[in-house]
Student: 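Quick one: the structure is below, and I'll ask about it shortly.
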Amino acid sequence: MTSAAQTFRPITGPSTWTAASFKSKADFTMSVPPAVQQDLNALVESGAFDGLPLTEITLERFGKPTIKALMDDIQKELWDGRGFLILQGLPVSGWSVERIEAYYWLLSLYLGKPVSQSAAGDRLGRVQDRSKPGVSAGSRGYTSRRQLPLHTDVGDFMGLLNVRVSKEGGMSLAVSVPTVYNAMAKVRPDLLEILFRGFPFHRRNEQQPEAELVTPYPVPVLGWAAERISAFYVRPSVELAYKELGREMDSKEVEALDLFDDLCWSDENLVKFMMEPGDIYFANNLTTLHGRTEFVDHDEEEKKRLSLRIWLQREPRTPVPPNQIVFKNPSGDLGVDAKPGGKPAGEEFLIDFKRKTAEASR
């Protein structure tokens with residue numbers, strides 16, 4: 001178990017950024033070099049990917065030295081730098097979504113192994129509003145237009161490629177976990193200790209058949225592994241777990257989560273930006289929380305907001321605290337392994353969870 005002396009040591013380095021660290025989106029943006037653009041265009045337009053399942057698009061078959069050099073730089077920034085960035089300039093205009101998915105998959109392979117994102121086994125998800133008319137929310141936030149509260153995903157890295165933008169809203173969000181940790185350690189180390197202890201987590205029926213609906217162990221919001229901070233945070237699933245167990249959080253637990261959220265959503269720490277078509281938002285899930293504000297979509301189906309999401313397992317595997325792995329997958333991978341008859345969490349597991357969006361939406 002982590003001792004208090006270890007838990008509360010300060011974190012320094014490029015991962016401890018604040019909103020003031022960036023004058024504009026350009027400060028955390030990389031552009032696709034012309035040589036990479038040329039190689040990607042040639043691969044896609046040649047039809048080399050057409051008709052291939054994504055699992056057959058491999059680095060052995062389609063890798064290029066120019067692309068590897070770019071993605072090596074990105075991996076270094078994600079792992080040893082600030083922990084997030086935007087890659088801009090990918091050619092999405094005029095291409096089918098299937099072709100865009102193919103080159104996005106190829107790029108992502110340089111960062112790690114794509115893992116399943118739901119019990120249905122999807123390894124590349126289409127993030128778009130599928131809400132019924134007159135309904136603004138769905139259980140899995142990537143299928144709705146509601147706000148996505150700040151969270152981490154079930155992978156070492158996550159990527160979001162923007163294909164089409166919404167009519168209004170839909171700002172992307174980023175927060176440095178080391179920065180929030182440092183701030184909390186200064187003002188309320190007693191509450192920080194609760195985050196390291198952890199909370200039960202609701203698996204929303206995406207667990208394997210023999211596994212419990214709620215983790216039988218506390219899942220730490222923060223932990224240490226290989227001398228690095230490691231975060232895992234999905235507050236709605238924590239609150240839903242207590243509801244499922246018929247219990248209530250005590251006042252200190254609520255206070256700890258509220259302070260963590262307050263620091264994350266503060267103007268001092270929260271970075272807000274709009275993604276454009278062809279942008280990819282890459283983030284280190286262990287050190288960066290991400291989210292999105294609510295949006296208003298276009299009426300025309302062909303114009304509706306669309307992003308492509310991928311979860312990646314870094315190779316070699318990134319060490320994390322064992323109890324931060326909430327799905328004990330038979331594959332041994334991160335993510336959410338497919339299961340017979342599996343599907344993404346349904347509306348029966350939706351919890352009404354409203355965070356501080358007014359400031360973030362401005």
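Please read these numbers as outputs of a predicted model, since none were measured by experiment.
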Student: Evaluate whether atom CD of E98 has more than 12 neighbouring non-hydrogen atoms of other residues, nucleotides or ligands under 6.0 angstrom away.
Tutor: yes
Student: Is D72 paired with K76 through a side-chain N to carboxylate O contact shorter than 4.0 Å?
Tutor: no
Student: Would L173 and V271 count as a side-chain contact (heavy atoms from CB on, under 4.5 Å) if you check the C-alpha gap in whole Å, the side-chain angles of each, and the deciding distance to 0.1 Å?
Tutor: CA-CA 6 Å; L173 311 171; V271 172; over 6 Å; no
Student: Is there side-chain contact between T287 and P178, with at least one heavy-atom pair below 4.5 Å?
Tutor: yes
Student: Name the residue from V238, N285, L257 that meets the side-chain contact (heavy atoms from CB on, under 4.5 Å) definition with Y233.
Tutor: L257
Student: For a 4.5 angstrom cut-off between non-hydrogen side-chain atoms, does N162 reach E276?
Tutor: no
Student: When you check the side-chain N and O atoms of D337 and S331, is any donor under 3.5 Å from an acceptor?
Tutor: yes
Student: At what distance, to the nearest 0.5 angstrom, does OG of S108 lie from CG of L124?
Tutor: 7.0 Å
Student: Whether the side chain of R314 engages the backbone of Q75 through a donor-acceptor N/O pair (distance < 3.5 Å, no angle test) should be reported.
Tutor: no
Student: In sequence, state the C-alpha distance, the side-chain angles, and the governing distance for I229 and W224, and then conclude on side-chain contact (heavy atoms from CB on, under 4.5 Å).
Tutor: CA-CA 5 Å; I229 194 76; W224 294 110; 3.9 Å; yes
Student: For E210, does the CD atom sit with more than 12 other heavy atoms under 6.0 Å from it, leaving out its own atoms?
Tutor: yes
Student: Is the centre of the F28 ring less than 6.0 Å from the centre of the F84 ring?
Tutor: yes
Student: Determine whether E294 and M171 make a side-chain contact, defined as any pair of heavy atoms from C-beta on separated by less than 4.5 Å.
Tutor: no
Student: For the backbone of N205 and the side chain of Q207, can you confirm whether one donor and one acceptor N or O come within less than 3.5 Å of each other?
Tutor: yes
Student: Is there a path of hydrophobic side-chain contacts, each under 4.5 Å between heavy atoms, that joins F327 and I325?
Tutor: no
Student: Please confirm whether the backbone N or O of R82 pairs with a side-chain atom of E77, one donor and one acceptor, at under 3.5 Å?
Tutor: yes
Student: Among L111, L106, V36, find the residue that satisfies the side-chain contact (heavy atoms from CB on, under 4.5 Å) test when tested with M71.
Tutor: L111
Student: Rounded to the nearest 0.5 Å, how far does NZ of K243 lie from CG of L245?
Tutor: 12.5 Å
Student: Return the CE to CD1 distance between M158 and I280, rounded to the nearest 0.5 Å.
Tutor: 10.5 Å
Student: Answer yes when E239 and R247 have at least one side-chain N-carboxylate O distance shorter than 4.0 Å, and no when they do not.
Tutor: no
Student: Is the backbone N or O of V326 less than 3.5 Å from a side-chain atom of R203, with the two atoms forming a donor-acceptor pair by type?
Tutor: yes
Student: So for atom CD, which belongs to E56, do other residues, nucleotides or ligands contribute more than 12 heavy atoms lying within a distance under 6.0 Å?
Tutor: yes
Student: Should E244 and L213 be marked as a side-chain contact (heavy atoms from CB on, under 4.5 Å) after you check the CA-CA gap, both sets of side-chain angles, and the distance that decides it?
Tutor: CA-CA 9 Å; E244 184 74 31; L213 186 60; 3.5 Å; yes
Student: Test salt bridge (Lys or Arg N to Asp or Glu O under 4.0 Å) on K113 and D156 and set out the steps.
Tutor: CA-CA 10 Å; K113 176 183 180 179; D156 296 321; over 6 Å; no
Student: F273, V92: one ILVMFWY side-chain cluster at the under-4.5 Å cut-off?
Tutor: no
Student: Between W95 and Y104, does the ring centroid distance fall short of 6.0 Å?
Tutor: no
Student: Quick check against the 3.5 Å criterion: does Y217 have a side-chain atom that pairs as donor or acceptor with the backbone of Q324?
Tutor: no
Student: Distance only, no hydrogens: is a donor on one side chain within 3.5 Å (strictly under) of an acceptor on the other, for Q313 and E315?
Tutor: yes
Student: Look at the side-chain heavy atoms of Ile, Leu, Val, Met, Phe, Trp and Tyr, link any pair under 4.5 Å apart, and say whether L150 and L85 land in one connected group.
Tutor: no
Student: Does a salt bridge link E212 with K328, judged by any charged N lying under 4.0 Å from a carboxylate O?
Tutor: no
Student: Go through the side-chain N and O atoms of Q88 and T29 and say whether any donor and acceptor fall under 3.5 Å apart.
Tutor: no
Student: Salt bridge check: are D279 and K25 linked by an N-O gap of less than 4.0 Å?
Tutor: yes
Student: Do S266 and N269 have a side chain donor and acceptor closer than 3.5 Å?
Tutor: yes
Student: Determine, for R99 against D50, whether the closest basic-nitrogen to carboxylate-oxygen distance falls under 4.0 angstrom.
Tutor: yes
Student: Distance check, rounded to the nearest 0.5 Å: M30 atom CE versus D73 atom CG?
Tutor: 5.0 Å
Student: If you measure from CG on L222 to CG on L195, what distance do you get to the nearest 0.5 Å?
Tutor: 5.5 Å
Student: Report the residue from W105, F62, Y103 that forms a ring-ring contact (aromatic ring centres under 6.0 Å, His included) with F49.
Tutor: F62
Student: Within the distance-only criterion (no hydrogens, no angle test), does the side chain of T288 pair as donor or acceptor with the backbone N or O of S176 below 3.5 angstrom?
Tutor: no
Student: When clusters are formed by joining ILVMFWY residues with side-chain heavy atoms under 4.5 Å apart, either directly or through shared neighbours, do I86 and L40 land in the same one?
Tutor: no
Student: Check R188 with E255, please: is the shortest side-chain N to carboxylate O separation under 4.0 Å?
Tutor: yes
Student: Could you walk me through whether I100 and V44 pass the side-chain contact (heavy atoms from CB on, under 4.5 Å) test, one step at a time?
Tutor: CA-CA 8 Å; I100 295 168; V44 177; over 6 Å; no
Student: Using the rule that Ile, Leu, Val, Met, Phe, Trp and Tyr join whenever any side-chain heavy atoms are under 4.5 Å apart, tell me whether W79 and I74 fall into a single cluster.
Tutor: yes
Student: Mind checking whether S172 and Y281 have side chains closer than 4.5 Å, heavy atoms only?
Tutor: yes
Student: Quick test of your reading of the model: are R123 and E101 salt-bridged, counting only N-O distances below 4.0 Å?
Tutor: no
Student: Is there a donor-acceptor pair closer than 3.5 Å between any side-chain N or O of S116 and the backbone N or O of V336?
Tutor: yes
Student: Between V221 and F260, is there a side-chain heavy-atom distance shorter than 4.5 Å?
Tutor: yes
Student: Please confirm whether the backbone N or O of K304 pairs with a side-chain atom of R164, one donor and one acceptor, at under 3.5 Å?
Tutor: yes
Student: Between H151 and H290, is there a donor-acceptor pair closer than 3.5 Å when you use the side chain of the first and the backbone of the second?
Tutor: yes
Student: Hey, are D122 and Q117 close enough side-chain-wise for a donor-acceptor pair under 3.5 Å?
Tutor: no
Student: As an exercise, state the distance from CG of L70 to CD of Q37, rounded to the nearest 0.5 Å.
Tutor: 10.5 Å
Student: Does the N284 side chain pair with the main chain of L78, one donor and one acceptor, at a distance under 3.5 Å?
Tutor: yes
